[in-house]
2 protein chains.
Amino acid sequence: MADRTGVLEAAQRALNTDPAASMTAVAEAAGISRATVHRHFDSREALLVELGTRSLDQWEQRLDDVGVEALAAAPDAVAIRAALETLVLGYVDDSDGFGFALTDHVILASAALERRTQVLADREAVLFAAAQSVGVLRTDLPVRFFGHAIYGLLVAAREAVRVGDVARRDAGRLVLSSLLTGIAQP
Amino acid sequence: MADRTGVLEAAQRALNTDPAASMTAVAEAAGISRATVHRHFDSREALLVELGTRSLDQWEQRLDDVGVEALAAAPDAVAIRAALETLVLGYVDDSDGFGFALTDHVILASAALERRTQVLADREAVLFAAAQSVGVLRTDLPVRFFGHAIYGLLVAAREAVRVGDVARRDAGRLVLSSLLTGIAQP
DNA sequence: CTCATGTGAGACACTGATGTCTCATTCGAA
DNA sequence: TTCGAATGAGACATCAGTGTCTCACATGAG
């Protein structure tokens with residue numbers, strides 16, 4: 001557990017439990033000394049930024065996997081709808097590990113991460129716009145809002161699972177279903 | 001601005017800008033000295049808990065205004081649907097001021113506040129259950145999830161407004177509309 | 001075996017924030 | 001005007017966390 005990745009995983013666990021976890025807490029979670037943690041990461045902020053970067057890496061990977069640009073280039077309603085579902089379910093999975101990053105103020109305050117977040121949000125928005133153009137997503141909502149709505153429901157699901165109102169395995173279905181068709185009886 | 005309420009309002013402003021705002025920052029925001037802030041609130045935690053309490057007061061007030069229990073006692077689809085809309089729009093308004101409390105870890109960590117949150121969530125759930133029984137809310141989603149979904153969309157709207165993707169005046173409509181009918185084109 | 005590398009333990013200085021306290025000043029009511 | 005209460009300014013001790021450093025020890029490669 002003393003390698004860089006082990007520290008990151010331990011930090012993830014510790015921070016998911018307590019978002020204010022100290023370097024000492026991270027070291028304990030990793031089963032190593034605080035000195036060794038500092039040998040891997042100069043500062044707590046550096047550690048958090050790296051975790052934030054990894055969470056953005058996962059986000060980017062999801063966008064790659066789904067092939068956002070290809071879908072936008074040759075819009076097909078069925079394919080886009082399927083891609084949206086895959087994407088959201090993927091996010092729910094990812095948020096299991098990186099959920100704390102959704103609301104961590106240190107991570108959110110990093111200018112570099114915020115910039116990259118913007119870039120990824122832009123990429124995502126391309127898919128949303130295509131989805132609107134083929135009638136998959138509503139056109140009376142701003143493209144920019146879709147990403148935020150997904151983000152919000154991820155936070156919601158994470159909290160619901162945390163307090164025990166929702167089973168982890170149900171989270172994906174609930175997020176996707178309420179996101180796409182809402183909670184009202186049609 | 002030196003009275004208790006003035007300090008609370010200033011703290012609200014300061015914390016909405018920077019959730020980690022120190023007592024010094026709060027004092028500056030209130031235009032008074034740090035000593036006077038401490039004359040009103042023994043500790044930073046006490047100040048945060050009071051702010052959290054006030055946000056729960058507002059929540060409770062919204063539930064009172066809407067008459068949750070009366071609606072549940074004599075379920076009427078139209079009335080319940082209207083109540084839900086009023087409720088959610090009210091929450092969006094309230095989150096303007098108390099938005100920071102949605103994700104503040106100190107407030108969320110308070111046992112007393114968490115307990116009261118649970119009580120209010122229970123009250124709210126009564127309305128949701130009634131809404132399900134009269135066909136206003138979907139029955140294939142757990143009652144417990146509705147509250148979380150609203151919470152998540154409040155966080156989403158707050159963030160969307162913060163980064164400038166959504167105008168404040170549009171937030172209510174977007175939250176309500178995406179909550180009830182989803183973001184997919186029907 | 002020997003040595004180099006990595007690690008743990010702990011000391012250390014530093015920082016930012018908190019909470020307490022004092023004292024002079026201000027302000028308002030009597 | 002006078003007196004008392006509230007305030008501002010600032011000193012102070014305390015605390016938790018951070019980041020640096022040293023040294024002893026273990027471990028593994030040669």
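Numbers restart at 1 for each chain; the letters A, B, ... are given by sequence-line order, proteins then strands.
Below the 3.5 angstrom threshold, one finds a donor paired with an acceptor across the side chain of B/R39 and the base of D/dG8. For A/R34 against C/dG8, a side-chain-to-base donor-acceptor contact under 3.5 Å is absent.
With sequence neighbours excluded, the residues satisfying ring pair (Phe, Tyr, Trp, His ring centres under 6.0 Å) with B/F128 are B/F146.
Separating the CD1 atom of A/I32 from the C1' atom of C/dT7 is a distance of 9 Å, rounded to the nearest angstrom. Protein atom NE2 of B/H38 is 14 Å distant from nucleotide atom C1' of D/dG10, rounded to whole Å. Spacing between atom CE of A/M23 and atom P of C/dG8 amounts to 14 Å, rounded to whole angstrom units. Between A/D3 atom CG and C/dT7 atom C1' the separation is 14 Å, expressed in whole Å. In this structure, A/H40 places its NE2 atom 13 Å from C1' of C/dT5, rounding to the nearest Å. For the pair A/L47 CG and D/dG17 C1', the interatomic distance rounds to 14 Å; values are reported in whole Å. In this entry the distance linking CZ of A/F41 with P of D/dG17 reads 20 Å, nearest Å. Per the geometry, CD belonging to B/E28 stands 13 Å off C1' belonging to D/dG8, to the nearest Å.
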Please table the atom pairs, donor to acceptor, closer than 3.5 Å between any side-chain atom in residues 22-32 of chain B and protein atoms at least two apart or in another chain.
unit_1, atom_1, unit_2, atom_2, d
B/S22, OG, B/T24, N, 3.4
B/S22, OG, B/A25, N, 3.2

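The environment of B/E45 atom CD is sparse: at most 12 non-hydrogen atoms of other residues, nucleotides or ligands sit within 6.0 angstrom.
Within the structure, every side-chain polar atom (N or O) of A/T36 is placed at least 4.0 Å from both OP1 and OP2 of C/dT7.
B/P19 is not listed as a side-chain neighbour of B/T103, based on a closest heavy-atom distance of 4.5 Å or more.
In the set D/dG8, D/dT18, C/dG10, C/dG10 carries the atom at the smallest distance from any side-chain atom of A/A35.
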